[in-house]
Amino acid sequence: MKKIVVGFLIGITLAMSSFATAQETPSWVKETKEQKDKRMAWWRNDRFGMFIHWGLYAMPARHEWVKHNEKISDEDYQKYFERFNPDLYNPKEWAAKAKAAGMKYVVITTKHHEGFCLWDSKYTDFKVTNTPYGKDLIKPFVDAFRAEGIRIGFYYSLIDWHHPDFPYDGIHPNGPKDADERKAANEKRDIKKYQQYLKDQLTEILTQFGRIDELFLDFSYPGENGKGHNDWDSENLLKLIRKLQPSILVDDRMDLNDTDWGWDFKTPEQFMPAEWPTVNGQRVPWETCQTFSGSWGYHRDEHSWKSIHQLIVMLIEVTSKGGNLLLNVGPTARGVFDYRANERLDGMGQWMDYHNRSIYGCTQAPDDFVAPRNCLLTYNPQTKRLYIHVLDWPINALRLPGFNGKFKYAQLLSDGSEVRFRSNNDDVTLDLPVQRPDVDVPVIELFLE
């Protein structure tokens, strides 16, 4: 993933790009709006996925951008490659944890910015099969998660700090800082060769592992010292992706944001939009990727971990704004989840066991429903049920302004017990038990008229 200091985060994910003029729709783009809606239907229903950031950076355990942050040379970074051996790796355990947490799909870093590949790519030697571990990591991963009924997504970095033809730029950890020196050094690097490398590797991961449901390409940073759609050959790259996996969902980080065909969903990273993101005044599909702490990769000494309650509320809030939550785990160098990650996955799973009905298939409530104080609303348009997530449990009663005549029955979702109610003009008052239900965030299910 990218660092906040790159500076384009919020604007590139929630607004239209301003590079040059809007591109014309290519002739190979033939999908209708109805076809796209059908292609994305599973994703809109599932709402909750697991992100996994794993690579050599799990060994220094100081952030996935450690090579950049500490300006580590290729020669010094090699010590991690020569010792990488995740001997405790058991993808079946990972898949079981994701399923128990209520996650319906997964996205794993096949290659991050460091350039290290978790599969046996024939286009590089910088891959897991050349480490002491010596085996492909992706095939058993895909098999394990599919066996649990979890859809498969791949993250693939457009950036590659190890590749000899990846031109130096403003964020490259080993490139010259002087612009003239960088320009001279780049004369020995061929972006066309690197573009072919991207196509070759994406062809591998999109043909060797069966159906892939989501592709998270990361990331563009256009400008004089960055890289954008021309550097990646984004249009032709996307054309290839669509050909290889026609049903796949692709994120918005290829610098094609001034088009309506160059992306499927927006990706606000590490922040919560104030409302459902829009483009040209229209609500668009969106997925926020978030971490348990401040790092994507395993960071042993990072301690700003979110609580289970914060994470549950985050999932609810994302759903209440029509979005998806992709929540990240950074496995250790030995191939297991950190105990802090396990605690949070377990906690979220306990809540989801009884309340997933308020998440799966749900979206933002209709505009004529206003959330009561200290509450978040989600709505299932198929079952016509509204869910009130009570963040601060009131004493005896919860007032619902303007709800009179809009529902016919109410119950606590955790145990299915009836909640009686009374009307007063346009408002409704729910008669609640004094004692708060013994769940992290209580939910009241309303059966609408």
Side-chain angles (χ1 to χ4, degrees), residues 1 12-14 25-26 28-52 98 103-111 138 141-142 145-146 149-158 198 202-203 205-220 229 232 234-235 237-257 259-269 273 276-279 282-290 318-319 321-328 359-363:
M1 301 300 287
I12 199 68
T13 54
L14 294 184
T25 302
W28 54 267
V29 178
K30 302 181 184 301
E31 185 178 50
T32 65
K33 180 181 183 302
E34 291 73 24
Q35 289 171 327
K36 181 175 181 178
D37 287 343
K38 183 177 180 180
R39 180 165 56 88
M40 299 194 70
W42 71 265
W43 184 84
R44 286 192 174 102
N45 177 80
D46 290 355
R47 291 304 181 203
F48 190 24
M50 175 181 280
F51 217 173
I52 297 177
M103 293 157 160
K104 292 285 193 177
Y105 62 103
V106 66
V107 178
I108 186 171
T109 53
T110 58
K111 182 197 80 167
I138 296 299
F141 174 93
V142 169
F145 277 78
R146 278 214 186 100
I150 298 173
R151 289 180 180 265
I152 305 299
F154 286 159
Y155 168 111
Y156 180 83
S157 174
L158 296 168
L198 294 179
L202 281 168
T203 297
I205 64 173
L206 296 180
T207 58
Q208 295 181 7
F209 304 104
R211 172 171 171 164
I212 306 303
D213 297 288
E214 179 174 323
L215 182 63
F216 199 111
L217 298 170
D218 195 36
F219 64 94
S220 296
H229 64 287
W232 317 129
S234 291
E235 180 182 323
L237 201 59
L238 184 59
K239 180 180 179 181
L240 174 66
I241 292 164
R242 297 292 190 206
K243 177 182 178 181
L244 298 175
Q245 293 276 352
S247 298
I248 202 167
L249 307 186
V250 183
D251 71 340
D252 65 336
R253 301 192 177 191
M254 299 177 71
D255 190 31
L256 293 173
N257 288 283
T259 76
D260 59 5
W261 51 263
W263 52 275
D264 289 319
F265 58 94
K266 292 298 178 182
T267 57
E269 178 178 327
W276 192 326
T278 62
V279 171
Q282 300 296 313
R283 290 173 175 171
V284 294
W286 67 284
E287 173 189 81
T288 181
C289 44
Q290 300 276 350
V318 169
T319 307
K321 296 172 181 176
N324 285 28
L325 175 61
L326 192 61
L327 189 58
N328 183 76
I359 301 297
Y360 301 147
C362 290
T363 186

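Just so you know, residue 1 is the first one in the sequence shown, and it goes up from there.
Counting only heavy atoms from C-beta outward, the side chains of L238 and W261 approach each other to under 4.5 Å. Residues W263 and V250 form no side-chain contact, since every pair of their non-hydrogen atoms from C-beta on lies 4.5 Å or further apart. Between I52 and F145 the shortest side-chain heavy-atom distance falls below 4.5 Å. Side-chain contact between I205 and I138 is absent, with no heavy atoms from C-beta onward closer than 4.5 Å. Using a 4.5 Å cut-off on side-chain heavy atoms (C-beta onward), T363 and W276 make contact. L237 places a side-chain heavy atom less than 4.5 Å from the side chain of M254. Residues K266 and P285 fail the side-chain proximity criterion, which asks for heavy atoms closer than 4.5 Å. Inter-residue side-chain proximity for Y156 and L202 is flagged as met; some heavy-atom pair is nearer than 4.5 Å.
Separation of atoms OG1 (T319) and CD1 (I359) is listed at 3.5 Å; rounding is to 0.5 Å. Note that CG of D255 and CD of E235 are 12.5 Å apart. Values are rounded to the nearest 0.5 Å. In this structure, SG on C289 lies 6.5 Å from CG on L326, to the nearest 0.5 angstrom. To the nearest 0.5 angstrom, W232 atom CH2 is 13.0 Å from R253 atom CZ. Taking CZ from R151 and CZ from R146, the interatomic distance works out to 10.5 Å, rounded to the nearest 0.5 Å. Summarising the geometry, atom CD1 belonging to I212 is positioned 6.5 Å from atom CG belonging to L206; distances are rounded to the nearest 0.5 Å.
In this structure, K30 is not positioned above the aromatic face of W28 in the sense of NZ or CZ being under 6.0 Å from the six-membered ring centre and within 45° of the axis.
Annotation for P273 and K321: closest pair O-NZ, 2.6 Å, computed over non-hydrogen atoms.
Every side chain to side chain contact (heavy atoms under 4.5 Å, CB included) that K36 has, sequence neighbours left out, goes to E31, R39, M40, D264. The side chain to side chain contact (heavy atoms under 4.5 Å, CB included) check on L240 picks up K199, T203, L244, with sequence neighbours excluded. With sequence neighbours left out, the ring pair (Phe, Tyr, Trp, His ring centres under 6.0 Å) criterion links F265 to W43. Remark: F48 engages no residue in a ring pair (Phe, Tyr, Trp, His ring centres under 6.0 Å) (not counting sequence neighbours). Not a single side chain to side chain donor-acceptor pair (under 3.5 Å) links E34 to another residue, sequence neighbours left out.
A side chain to side chain donor-acceptor pair (under 3.5 Å) with T267 holds for exactly one of D218, D251, D252; it is D252.
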(request) Take F141 and F209 through the ring-ring contact (aromatic ring centres under 6.0 Å, His included) test and state the conclusion after the steps. (result) CA-CA 10 Å; F141 174 93; F209 304 104; 9.9 Å; no
(request) Evaluate side-chain contact (heavy atoms from CB on, under 4.5 Å) for S220 paired with H229, printing each intermediate quantity in order. (result) CA-CA 7 Å; S220 296; H229 64 287; over 6 Å; no
(message) If you apply the rule side-chain contact (heavy atoms from CB on, under 4.5 Å), what do you find for L215 with I241, and how did you get there?
(response) CA-CA 9 Å; L215 182 63; I241 292 164; 3.6 Å; yes
(request) Verify side-chain contact (heavy atoms from CB on, under 4.5 Å) between R242 and I248, making sure each step is shown before the conclusion. (result) CA-CA 7 Å; R242 297 292 190 206; I248 202 167; 4.0 Å; yes
(message) side-chain contact (heavy atoms from CB on, under 4.5 Å) for W42 and D213? Distances and angles first, verdict last.
(response) CA-CA 10 Å; W42 71 265; D213 297 288; 3.6 Å; yes
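Panel note: side chain T110, backbone Y155; a donor-acceptor pair is recorded below 3.5 Å. Between the side chain of K111 and the backbone N or O of S157 there is at least one donor-acceptor pair closer than 3.5 Å.
Other residues, nucleotides and ligands place more than 12 heavy atoms under 6.0 Å from the CD atom of Q35.
In this pair, F216 and F51 present their aromatic rings tilted. The plane angle is within the 30 to 60° band.
Side-chain contact, K104 with N45: no donor N or O sits under 3.5 Å from an acceptor N or O.
Identified under the salt bridge (Lys or Arg N to Asp or Glu O under 4.0 Å) test for residues 41-50, with sequence neighbours left out: D37-R44.
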